[in-house]
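What follows is one structure encoded as structure tokens, with my remarks underneath.
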Amino acid sequence: MNQGLFLSLQERGLVQDFVPGLDALLEREKVAVYAGFDPTADSLHIGNLVPIMLLVHFQRAGHRPIALVGGATGRVGDPTGRSAERNVLSREQMEHHLACQQAQLKRFLDFDPASPAGARLVNNEEWFGPWSFLDFIADVGRHIPINYMLAKDSVKLRLENGMSFMEFCYQLIQGYDFVHLHRHYGCKVQVGGSDQWGNITTGTELIRRMDGSEAWALTAPLTKKSDGSKFGKSEGGNIWLDPQKTSPYRFYQFWLNVSDDEARRYLPVYTLLSMQEIAEAVSIHDQAPHQRHAQRLLADDVTRRVHGEQALAQARAASDLLFGKVSRDQMMSLDHEVLMQALEGVPVHQVSKSLLVEGCEWVPLLSDHSGIFGSRSEARKMIEGGGLSLNREKCSDVLARASTEDLFAGRLVLVQKGKKNFHLLVFED
RNA sequence: GGGGAGAUACCAGAGUGGCCAAAUGGGACCGACUGUAACUCGGUUGGGAAACCUUCGGAGGUUCGAAUCCUCCUCUCCCCA
């Protein structure tokens with residue numbers, strides 16, 4: 001616990017690059033530290049979690065975090081890691097995105113204005129909004145050599161295929177954010193993902209040239225999955241923090257499904273557990289890898305922090321229902337409310353109850369009537385292959401007919417296509 | 001502007017008059033195994049219970065019969081100006 005913040009971040013695998021002297025600075029004084037967030041979507045996603053966790057660690061060590069949402073930078077567009085110019089968002093869209101992201105950030109950081117380490121939330125639109133282009137190039141542009149800007153990877157890589165002047169200027173905009181925060185909030189450190197290194201150092205460079213003052217930077221390694229594929233995506237796309245976009249159940253499942261190796265690496269990065277606690281957990285995990293102790297710990301911790309205790313409980317209940325050893329009878333006896341919560345996010349298909357009375361066969365019911373299967377053959381083949389379960393009981397008879405006995409809660413049937421694809425069939429009057 | 005090659009299912013890619021709903025590989029999905037894993041193995045991958053129907057860039061044509069031959073059109077790639 002007495003270990004310095006910097007060393008502890010290093011130990012957790014949160015340090016990729018840093019400006020020398022940062023270590024000493026953090027021991028010497030309490031500073032303000034900022035991280036920026038791009039308003040490209042109406043929710044943050046788990047890729048944003050790393051810079052957020054960095055800010056959290058800083059705050060816990062008594063430093064003041066500043067979360068910057070990029071109203072201005074969002075209008076320009078960061079060229080980093082992009083091969084083509086991206087679409088520009090409308091102003092209304094961006095306002096909406098910013099508001100959503102701000103609300104999410106408040107879950108992680110303590111914004112108590114009375115505390116010396118109370119977090120601040122700023123929008124760079126505030127200082128860029130009223131500024132004219134001429135003023136900007138006169139006040140800021142004169143201080144930076146174009147060779148310096150051209151040398152950045154984000155620019156170099158794009159010179160071949162061309163990039164707009166707007167995107168070229170991006171690093172200056174972000175760089176000036178740092179200058180502004182340095183002047184008005186005494187911000188001395190910027191943190192971000194390692195892809196932001198170029199943009200961040202433009203900021204420290206500007207501070208040096210414009211104010212003759214020193215500033216520091218720290219970047220965290222970009223999280224990569226062990227197979228090298230991109231982190232934060234699943235079948236359904238990005239894993240968002242917004243429960244409307246990624247249900248707590250999906251979110252929980254994402255973490256629960258990471259590999260052993262990933263779980264080991266993610267625990268220090270995405271949770272606040274001490275290294276000792278993590279070491280103990282990993283040791284328990286290694287004794288019985290199939291129990292996936294590490295994944296459970298990770299999923300519990302992250303889901304709890306992002307979605308809260310209640311959502312976590314529901315996500316776990318849903319996981320038990322869908323993957324646990326819940327039999328048909330047990331399921332039938334479950335409380336309707338609990339069940340519906342557990343099944344939140346499962347696609348719902350409505351069909352007429354009259355089909356049931358007629359004793360309709362399952363095959364047309366699951367294809368023509370509900371659209372769960374694209375065609376009858378597909379449904380039939382799935383049944384023949386043993387891949388269909390109704391209410392967690394395998395259905396192997398192609399000619400089976402639906403009856404009222406198959407319903408739970410009077411009107412529902414849980415259809416399971418293979419192991420992981422669930423659909424809820426609702427019989428309407 | 002001139003010459004050549006090509007367009008086949010989710011992708012890649014065989015097939016050049018009937019045996020073609022179309023080889024093979026990849027992907028995807030399912031099953032067994034398993035840890036809601038990896039690996040491996042097996043299956044499925046246009047519709048239809050079936051007869052059979054609709055598909056091989058588009059539109060016509062030849063033929064008993066066309067992915068396959070002919071005509072036109074659209075698009076792609078390559079070479080020469």
Side-chain angles (χ1 to χ4, degrees), chain A residues 224-231 233-237 239 246-267 281-303 312-328 330-331 342-347 358-402 414-424:
Chain A
K224 281 196 218 77
K225 286 169 75 167
S226 358
D227 64 4
S229 63
K230 196 166 180 189
F231 176 76
K233 304 272 187 189
S234 75
E235 321 81 59
I239 303 290
T246 300
S247 73
Y249 162 71
R250 287 261 168 247
F251 188 86
Y252 179 81
Q253 285 287 321
F254 172 82
W255 296 102
L256 194 61
N257 278 318
V258 302
S259 71
D260 294 3
D261 179 50
E262 285 158 1
R264 252 188 286 275
R265 282 190 292 123
Y266 295 169
L267 274 169
V282 167
S283 136
I284 293 173
H285 177 95
D286 287 342
Q287 282 164 30
H290 58 280
Q291 299 288 329
R292 286 188 300 158
H293 184 72
Q295 283 92 334
R296 284 177 206 282
L297 190 64
L298 178 69
D300 281 4
D301 190 281
V302 183
T303 308
L312 169 64
Q314 283 172 18
R316 291 173 61 155
S319 299
D320 280 346
L321 173 67
L322 302 182
F323 296 104
K325 304 253 185 291
V326 177
S327 70
R328 176 190 159 116
Q330 279 173 299
M331 198 189 100
L343 293 174
E344 194 188 355
V346 170
E358 295 160 12
C360 184
E361 283 177 23
W362 278 111
V363 169
L365 197 54
L366 297 177
S367 50
D368 300 358
H369 296 298
S370 68
I372 292 174
F373 290 95
S375 70
R376 294 182 184 199
S377 330
E378 195 185 327
R380 204 172 305 114
K381 282 165 186 164
M382 188 66 84
I383 292 173
E384 282 166 355
L388 180 79
S389 292
L390 299 170
N391 293 333
R392 300 206 44 86
E393 189 172 56
K394 191 154 281 185
C395 171
S396 51
D397 181 4
V398 179
L399 296 174
R401 289 169 185 277
L414 181 65
V415 179
Q416 193 174 353
K417 215 163 127 179
K419 280 196 176 102
K420 292 191 179 180
N421 301 299
F422 291 88
H423 298 263
L424 194 60

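Just so it is clear: chains get the letters A, B, ... in the order the sequence lines come, proteins before strands, and each one is counted from 1. Every value quoted in this text rests on a predicted model; they were computed, and no experiment measured them.
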Inter-nucleotide P distance (B/U62, B/C78), Å rounded: 38 Å
Length of the line joining A/K417:NZ and B/U36:P, which is rounded to integer Å: 22 Å
Interatomic distance where NE2 belongs to A/H293 and P belongs to B/U36 [whole Å]: 16 Å
Any A/R292 side-chain nitrogen or oxygen under 4.0 Å from OP1 or OP2 of B/U36: yes
Spacing between A/L388 atom CG and B/C29 atom P, to the nearest angstrom: 17 Å
B/U40 pairs with, by Watson-Crick or G-U criteria that keep both distances under 3.5 Å: B/A32
P-based separation of B/A9 from B/A23 [nearest Å]: 13 Å
Identity of whatever pairs with B/U62 - Watson-Crick or G-U, under 3.5 angstrom: none
Closest to the A/N421 side chain, choosing from B/U36, B/C29, B/G35: B/C29
Pairwise C1' distance for B/A32 and B/C64, with rounding to whole Å: 50 Å
Separation of atom OH in A/Y252 from atom C1' in B/U36, rounded to whole Å: 11 Å
Close side-chain approach of A/V415 to A/L424, heavy-atom, < 4.5 Å: no
Side chain A/Q295, main chain A/L298, donor-acceptor under 3.5 Å: no
Any donor-acceptor N/O pair, A/N257 side chain to A/Q253 backbone, under 3.5 Å: yes
Inter-nucleotide P distance (B/U54, B/C19), Å rounded: 16 Å
Separation of atom CZ in A/R316 from atom C1' in B/U36, rounded to whole Å: 15 Å
Pairwise P distance for B/G43 and B/C53, with rounding to whole Å: 30 Å
Proximity to the side chain of A/S319 - top-ranked nucleotide from B/G47, B/U36, B/C30: B/U36
Under 3.5 Å donor-acceptor, A/H293 side chain and A/I284 backbone: no
Among B/G35, B/C29, B/A32, the nucleotide that comes nearest once only the side chain of A/K419 is considered: B/A32
Nucleotide forming a Watson-Crick or wobble pair with B/C20, both distances under 3.5 Å: none
Any strand: nucleotide that pairs with B/G27 via Watson-Crick or wobble, under 3.5 Å: B/U45
A/Q291 vs A/G386, nearer the 5' end of RNA chain B by closest nucleotide: A/G386
For atom CZ of A/F254 and atom C1' of B/A37, their distance in whole Å: 15 Å
Protein-nucleotide distance (A/Q295, atom CD; B/A38, atom P), rounded to Å: 12 Å
Atom P, compared across B/A5 and B/C69: separation rounded to whole Å: 13 Å
Donor-acceptor pair present, A/Q253 side chain and B/U36 base, under 3.5 Å: yes
Nucleotide nearest A/S375 when distance is taken to its side chain, options B/C29, B/G47, B/U36: B/G47
Spacing between A/F422 atom CZ and B/U36 atom P, to the nearest angstrom: 13 Å
Minimum-distance nucleotide (side-chain atoms of A/M382 versus B/G31, B/C30, B/U36): B/C30
Donor-acceptor pair, side chain of A/K417 and main chain of A/H423, under 3.5 angstrom: no
Donor-acceptor under 3.5 Å (A/R264 side chain, A/V282 main chain): no
Contact under 4.0 Å: A/N257 side-chain N or O vs B/G35 OP1/OP2: no
Nucleotide nearest A/H290 when distance is taken to its side chain, options B/A32, B/G35, B/G47: B/G35
Most 5' of A/G385 and A/P289 on RNA chain B, judged by nearest nucleotide: A/G385
Spacing of the P atoms in B/A66 and B/U55 (rounded, Å): 12 Å
Distance, C1' atom - from B/U36 to B/C30, rounded to whole angstrom: 16 Å
For B/G57, the Watson-Crick or wobble partner whose two distances fall under 3.5 Å: B/C73
Distance test, side-chain N/O of A/K381 to OP1/OP2 of B/G43, below 4.0 Å: no
Polar side-chain atom of A/S370 near backbone of A/L365 as donor-acceptor pair, under 3.5 Å: yes
